[in-house]
Novice: 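Let me begin by handing over the structure; questions about it come next.
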Amino acid sequence: MESYGDLVAADDVLLFVNAAITATGQREFHADAGTQRLSLDFLHAYMLGNYRDLYAGVLALDINDHNATLIVRRLLETSAEATVEQRRSEGRLIAGRLALLPPQRVYGLFRALRRAGVNNRRTRALLRDWLAARPDLAFDAVKYRSGLKQALRHAHLAPGDSELGTFLFAPLSRAHYDTPILETWRRAHYEQTAVYELPYTVAEGFAAKHGIPRTVFLERIAPRMTRLEALRLQETAERRGVAEAVAVDLARMPLTRLAGYVLSLPAAERVERREELTSALRAAAARVAGAHRGTWGRVTAVLDDSFSSYGSGAKRRRPLAVALACHYLLEALADRYAGLWTSGRREALLAHPVGPTPLGERILDALDTAPDRLVIVSDGWDNAPPGLAAEVLRVWRTRLDPERRTSVVHLNPVYDADDFDVRRLAPSVPTAGVRDAEDLPALVEIAQFAEGRTGLAELTAYLDARAERLLAVPGQRTATGGAR
């Protein structure tokens with residue numbers, strides 16, 4: 001039987017996991033950025049000070065990149081406080097997580113470590129191994145030149161290629177480079193045609209230098225853009241009300257990012273492009289569901305499109321985008337599916353933030369469908385009337401369904417800085433933080449620990465299993481979904 005201390009530890013870890021999934025230190029609908037950062041910093045310090053092994057183990061879960069880099073940084077800053085065994089275990093977890101992070105995040109992390117004066121042997125070894133594993137350092141030298149240069153200086157490493165060293169520290173001192181991308185960069189200073197052979201973010205600066213018209217530049221650089229760069233450009237264009245000449249294959253976009261793009265479109269355009277957008281969302285959802293497609297039985301979702309689902313200026317419509325993406329993913333996972341929006345909306349594609357949050361009423365409607373699984377995607381601010389959702393769930397669990405024939409889980413995309421957690425609906429219902437709908441299957445798995453029926457031993461075993469998965473497939477995501 002678990003001791004009281006172990007139960008508290010398990011609760012603390014789950015609380016931190018929820019924060020590490022949802023919180024990014026940015027403004028939310030109910031809290032400003034300063035409050036978010038202060039709350040998150042406290043949680044990191046508390047976990048590191050009290051549960052160092054478990055704190056490091058969280059790196060194996062589907063937490064967001066912001067918190068992954070914070071964990072890595074704090075572990076490296078406090079290397080002297082770790083035992084030899086802890087340093088060995090942490091080193092493997094850190095290396096595995098660095099392989100998943102976008103390179104700009106890693107370069108930013110090592111820049112922060114340099115500013116903090118962290119340059120211990122473990123830090124240098126991790127940086128050396130990460131750089132050695134990069135598929136194309138010459139590409140990094142062009143796209144992330146400042147970050148790579150600072151990382152090499154900080155770790156006292158010399159580029160293995162003399163050309164690369166020259167490019168980083170005296171780039172225009174050579175009349176010719178044998179490495180194609182380095183030579184393309186050199187030529188781009190003088191030849192406009194070379195601009196279109198560079199990565200988009202680098203080429204953009206050269207286009208401005210040469211005075212190339214924006215429409216001409218975008219049309220010719222489009223083949224060099226990544227899917228996310230193209231989608232981000234389209235989202236920016238929609239916000240500014242201008243057209244950008246970039247074709248985007250929507251069906252190949254990550255599900256949650258695609259949902260955010262759809263929500264950025266005016267309602268009239270969504271109606272006009274209904275078939276195209278719906279097909280793209282369903283294709284993205286089917287890709288995430290994979291082999292689990294149609295295996296979840298009867299599923300009903302309660303989806304929050306209340307006014308607070310707008311999020312904030314920093315995270316515009318993010319909670320609603322998660323709900324919309326979850327809607328299409330659950331549709332793909334279910335054998336029979338019903339999606340109920342708090343506004344009463346019938347067509348998910350036209351969702352927009354509006355009105356109060358009558359979660360209690362929608363949960364009653366959802367339970368009337370007799371689902372095998374009830375999934376609630378909401379920030380938890382039940383206010384029409386307040387507390388009805390908690391009472392409905394309490395009566396359902398204690399009197400109408402004590403055998404738990406219906407599985408109920410609450411997924412919350414918003415971190416509540418005041419409570420150091422995501423807001424919960426009822427003690428009888430497990431709540432897990434969610435940032436991307438792609439993580440939904442793994443989060444439903446984690447939610448079992450939040451029901452209080454499992455303790456620290458089971459949670460530790462789960463973290464160990466996830467760590468093994470992380471280390472077994474370097475450079476790939478450890479669960480469903482793409483890299484964030």
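Counting begins at 1 with the first residue of the sequence. Scope of the values below: all heavy atoms of this structure, side chains included, with no hydrogens, waters or symmetry mates.
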Novice: Can you tell me how far apart CG (L255) and OH (Y328) are? Round to the nearest 0.5 Å.
Specialist: 10.0 Å
Novice: How long is the span from the CG atom in L198 to the CD1 atom in I221, to the nearest 0.5 Å?
Specialist: 7.0 Å
Novice: Using a 3.5 Å distance criterion without hydrogens, assess whether the side chain of R293 forms a donor-acceptor pair with backbone atoms of A332.
Specialist: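 Judged by distance alone, no pair lies under 3.5 Å.
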Novice: Hey, can you tell me if F139 and Y144 have their rings parallel, tilted or perpendicular (30° and 60° cut-offs)?
Specialist: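 Answer is perpendicular, since the angle exceeds 60°.
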Novice: If I compare all heavy atoms of L350 with all of A267, which pair ends up nearest, and what's the gap?
Specialist: CD2-O, 4.0 Å
Novice: Roughly how far apart are I363 CD1 and L425 CG, rounded to 0.5 Å?
Specialist: 5.5 Å
Novice: Taking all non-hydrogen atoms of both residues into account, name the closest pair between A442 and D62 and its distance.
Specialist: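 Scanning both residues completely, I find the closest heavy atoms to be CB-OD2, 3.6 Å.
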Novice: Centroid separation under 6.0 Å, is that true for the rings of F420 and F42?
Specialist: yes
Novice: In this structure, are over 12 heavy atoms from other groups packed under 6.0 Å from E276 atom CD?
Specialist: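 Enclosed.
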Novice: Less than 6.0 angstrom from the centroid, inside 45 degrees of the normal: does R362 satisfy that with respect to the ring of W341?
Specialist: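 No - R362 does not lie over the ring of W341 by the 6.0 Å and 45° rule.
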Novice: Is the shortest heavy-atom distance from the side chain of L443 to the side chain of I21 under 4.5 Å?
Specialist: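 Of all side-chain heavy-atom pairs linking I21 with L443, at least one is under 4.5 Å.
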Novice: Looking only at side-chain N and O atoms, does R318 offer a donor or acceptor that is under 3.5 Å from a partner on S312?
Specialist: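 The answer is no; no qualifying pair exists.
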Novice: Spell out, as yes or no, whether a donor-acceptor pair under 3.5 Å connects the side chain of R397 to the backbone of V392.
Specialist: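 Side chain of R397 to backbone of V392, a donor-acceptor pair under 3.5 Å: no, none is there.
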Novice: What is the distance from atom CZ of R214 to atom CD of E219, rounded to the nearest 0.5 Å?
Specialist: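 Result: 13.5 Å between the selected atoms.
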Novice: Just by distance, with hydrogens left out, do S343 and D305 show a side-chain donor and acceptor under 3.5 Å apart?
Specialist: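 Yes - a donor-acceptor pair under 3.5 Å links their side chains.
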Novice: Look at the side chain of D304 and the backbone N and O of V377, then say whether any donor-acceptor pair between them is shorter than 3.5 Å.
Specialist: no
Novice: Output the distance between atom CG (L471) and atom CZ (R97), rounded to the nearest 0.5 Å.
Specialist: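 Nearest 0.5 Å value for the CG-CZ distance: 12.0 Å.
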Novice: Indicate yes or no for a side-chain donor-acceptor contact from T35 to the backbone of A31 under 3.5 Å, with no hydrogens or angles considered.
Specialist: no
Novice: Please check this pair: side chain of N64 against backbone of A20, looking for a donor-acceptor N/O pair closer than 3.5 Å.
Specialist: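 Yes.
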Novice: So do L70 and N67 actually touch side chain to side chain, heavy atoms under 4.5 Å?
Specialist: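 Yes, their side chains come closer than 4.5 Å.
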Novice: Which atom names give the shortest non-hydrogen contact between L265 and R273, and what distance separates them?
Specialist: CD1-NH1, 3.8 Å
Novice: Is there a donor-acceptor contact under 3.5 Å linking the side chains of D421 and Y415?
Specialist: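 D421 vs Y415: no donor-acceptor pair found between side chains.
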Novice: Does the pair R74/E77 count as a salt bridge with the N-to-O cut at 4.0 Å?
Specialist: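 Salt bridge between R74 and E77, a charged N being under 4.0 Å from a carboxylate O: no.
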Novice: Would you confirm whether D436, through its side chain, and V322, through its main-chain N or O, come within 3.5 Å as a donor-acceptor pair?
Specialist: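 Flag not set: sc D436 to bb V322 has no pair under 3.5 Å.
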Novice: Any idea which heavy atoms bring V429 and V408 closest together, and the distance?
Specialist: CG1-CG1, 3.8 Å
Novice: We want to know whether E458 and Y462 form a side-chain donor-acceptor pair, criterion being a heavy-atom distance below 3.5 angstrom.
Specialist: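 No, because no side-chain N or O of E458 sits under 3.5 Å from a partner of the opposite role on Y462.
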Novice: Let's go through L349 and V262 carefully: what are the C-alpha distance in whole Å and the side-chain angles of both, what is the deciding distance for side-chain contact (heavy atoms from CB on, under 4.5 Å) to 0.1 Å, and is it a yes or a no?
Specialist: CA-CA 8 Å; L349 197 67; V262 169; 3.8 Å; yes
Novice: Hydrogens and angles aside, do T342 and S306 bring a side-chain donor and acceptor to less than 3.5 Å of each other?
Specialist: no
Novice: For side-chain contact (heavy atoms from CB on, under 4.5 Å), just list the numbers for L320 and L303, CA-CA rounded to whole Å, side-chain angles, deciding distance to a tenth of an Å, and then say yes or no.
Specialist: CA-CA 9 Å; L320 184 57; L303 306 156; over 6 Å; no
Novice: Does the distance from a Lys or Arg side-chain N to an Asp or Glu carboxylate O, for D416 and R423, drop under 4.0 Å?
Specialist: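 Yes, charged N to carboxylate O under 4.0 Å.
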Novice: Looking at G297, is its backbone amide N or carbonyl O close enough to the side chain of D335 to form a donor-acceptor pair, meaning the two atoms are under 3.5 Å apart?
Specialist: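 No, the answer is negative, given that no donor and acceptor are paired below the 3.5 Å cut-off.
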Novice: Is the closest basic N to carboxylate O distance between E90 and R52 below 4.0 Å?
Specialist: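 Yes, E90 and R52 are salt-bridged.
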Novice: Do Q26 and Q36 have side-chain heavy atoms sitting under 4.5 Å apart?
Specialist: no
Novice: Mind checking the CZ-CG spacing from R317 to L324? Nearest 0.5 Å is all I need.
Specialist: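 The distance works out to 11.5 Å.
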Novice: Hey, mind stepping through H410 and V422 against side-chain contact (heavy atoms from CB on, under 4.5 Å) and telling me if it holds?
Specialist: CA-CA 10 Å; H410 171 210; V422 292; over 6 Å; no
Novice: Please confirm whether the backbone N or O of T226 pairs with a side-chain atom of E229, one donor and one acceptor, at under 3.5 Å?
Specialist: yes
Novice: Taking all non-hydrogen atoms of both residues, which atom of K315 and which atom of T22 are closest, and how far apart?
Specialist: NZ-O, 3.5 Å
Novice: So, E28 and R316, do they make that salt bridge, N to O below 4.0 Å?
Specialist: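 Looking at R316 together with E28, the answer is no, because their closest N to O distance does not fall below 4.0 Å.
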Novice: Under 3.5 Å, is there a donor on one side chain and an acceptor on the other for H352 and R345?
Specialist: yes
Novice: Determine whether Y46 and D12 make a side-chain contact, defined as any pair of heavy atoms from C-beta on separated by less than 4.5 Å.
Specialist: yes
Novice: Hey, what's the ring geometry for Y55 with F16, parallel, tilted or perpendicular (30° and 60° as the breaks)?
Specialist: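 Ring orientation of Y55 relative to F16: tilted.
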Novice: Heavy atoms, side chains only, cut-off 4.5 Å: are L440 and V288 in contact?
Specialist: no
Novice: Run the side-chain contact (heavy atoms from CB on, under 4.5 Å) check on R424 and N18 step by step: do they pass?
Specialist: CA-CA 11 Å; R424 299 172 185 271; N18 283 336; 3.4 Å; yes
Novice: Does either side chain, that of S308 or that of D379, offer a donor lying less than 3.5 Å from an acceptor on the other one?
Specialist: yes
Novice: Do NZ/NE/NH1/NH2 and the carboxylate oxygens of D439 and R435 come within less than 4.0 Å?
Specialist: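 A salt bridge is absent here (no side-chain N lies under 4.0 Å from a carboxylate O).
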Novice: For the residue pair K143 and V202, what are the closest heavy atoms and their distance?
Specialist: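 In this case the closest contact between K143 and V202 is CA-CG2, 3.8 Å.
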Novice: Would you tell me whether Y107 and R111 have side-chain atoms, one donor and one acceptor, within less than 3.5 Å of each other?
Specialist: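 R111 and Y107 do not have a side-chain donor-acceptor pair below 3.5 Å.
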